[in-house]
Amino acid sequence: MPRIDLDFGLPDLRAGLMSAGTALGSLPGQYKAMKQREEDAAALSRLTPNSPEYYDEVANQLIRKGQTTEAIRFQALARQARDRQTSIAAATKAITGGPTEMRQAATEFAGIGQFEKAMSAVGAAETETERRGVEALTNYANNRKIDLN
């Protein structure tokens with residue numbers, strides 16, 4: 001006797017409804033992921049590219065995504081960028097400042113491991129201190145008409 005199918009296509013309908021339910025169930029996750037991408041992009045757009053803050057933000061975003069190896073690479077870039085900024089600021093102090101600024105520059109150079117530059121800045125501070133002392137003594141002696149020879 002032939003079998004009569006009384007399903008009327010219900011298994012296909014059930015499968016379609018399950019697919020639709022799965023798709024609808026994934027919408028909140030997709031929306032959340034899209035919002036996170038938008039927030040991440042907005043956070044980066046507020047920062048200067050190649051700055052330490054920019055690299056830190058990229059690293060934080062990668063950590064949130066579970067990409068720790070890449071995050072470590074960006075953290076290293078942030079540290080290098082910070083060291084570069086510190087070096088530039090210290091060099092500016094050493095060149096344009098007085099003995100106090102030169103000593104501060106030496107401390108900053110030492111703090112980022114640039115010991116030769118630190119020693120050079122200390123030497124420059126000592127030389128400048130001596131030069132200023134000689135100048136002050138000479139001015140004092142000239143004003144008092146004292147012969148220093």
Side-chain angles (χ1 to χ4, degrees), residues 10-149:
L10 289 180
D12 291 339
L13 177 62
R14 275 188 233 122
L17 288 175
M18 290 295 281
S19 299
T22 302
L24 286 174
S26 68
L27 284 179
Q30 290 175 356
Y31 179 75
K32 184 178 176 183
M34 181 187 73
K35 279 302 213 187
Q36 186 63 54
R37 282 193 303 274
E38 289 173 359
E39 288 173 14
D40 289 349
L44 289 175
S45 72
R46 289 188 293 270
L47 300 171
T48 304
N50 302 322
S51 69
E53 297 79 15
Y54 184 87
Y55 291 135
D56 281 336
E57 179 61 29
V58 171
N60 290 336
Q61 290 178 14
L62 290 169
I63 288 169
R64 270 197 310 272
K65 294 175 186 174
Q67 299 174 356
T68 54
T69 304
E70 280 297 303
I72 290 169
R73 192 170 72 81
F74 277 94
Q75 288 171 338
L77 288 171
R79 187 172 43 259
Q80 289 171 359
R82 260 190 211 85
D83 288 353
R84 191 171 42 252
Q85 286 179 343
T86 300
S87 182
I88 290 168
T92 302
K93 283 180 187 177
I95 292 169
T96 62
T100 302
E101 290 81 9
M102 290 175 182
R103 286 185 189 91
Q104 288 173 346
T107 302
E108 291 173 13
F109 279 130
I112 58 173
Q114 296 182 356
F115 300 110
E116 288 179 22
K117 290 181 180 179
M119 294 306 296
S120 180
V122 167
E126 290 171 358
T127 301
E128 181 62 15
T129 300
E130 184 179 322
R131 185 194 68 73
R132 288 182 179 192
V134 168
E135 184 180 317
L137 183 59
T138 303
N139 288 340
Y140 179 81
N142 286 341
N143 289 337
R144 303 264 191 257
K145 306 235 187 304
I146 300 171
D147 185 13
L148 295 176
N149 294 326

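Looking at every heavy atom in both residues, G97 comes nearest to M102 through O-CE, 3.4 Å. Here the closest non-hydrogen pair linking P99 and A125 is O-CB, 3.7 Å. Across every non-hydrogen atom of L44 and E57, the tightest pair is CD2-CG, 3.6 Å.
Under a 3.5 Å cut-off, the side chain of E101 and the backbone N or O of G98 do form a donor-acceptor pair.
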For residues 73-84, please give each side-chain donor-acceptor pair under 3.5 Å, one per line with the distance, not counting sequence neighbours.
| unit_1 | atom_1 | unit_2 | atom_2 | d |
| --- | --- | --- | --- | --- |
| R73 | NE | E70 | OE1 | 3.4 |
| R73 | NH2 | E70 | OE1 | 3.2 |
| R82 | NH2 | D56 | OD2 | 2.3 |

Side chains of residues 35-42: which donor-acceptor partners sit under 3.5 Å, not counting sequence neighbours?
| unit_1 | atom_1 | unit_2 | atom_2 | d |
| --- | --- | --- | --- | --- |
| Q36 | NE2 | D40 | OD1 | 2.9 |
| D40 | OD1 | R64 | NH2 | 2.6 |

Taking distance alone, no hydrogens or angles, what donor-acceptor pairs closer than 3.5 Å link side-chain atoms of residues 104-120 to residues at least two apart or in another chain?
| unit_1 | atom_1 | unit_2 | atom_2 | d |
| --- | --- | --- | --- | --- |
| T107 | OG1 | R103 | O | 3.1 |
| E108 | OE2 | K93 | NZ | 2.5 |
| Q114 | OE1 | S87 | OG | 3.2 |

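The distance from atom OG1 of T138 to atom CD1 of I146, rounded to the nearest 0.5 Å, is 11.5 Å. Once rounded to the nearest 0.5 Å, the distance linking OG1 of T68 with CG of L62 reads 9.5 Å.
Using a 4.5 Å heavy-atom threshold, the side chains of S51 and Y54 count as touching.
Few gaps surround CD on Q67; more than 12 heavy atoms of other groups in view lie less than 6.0 Å from it.
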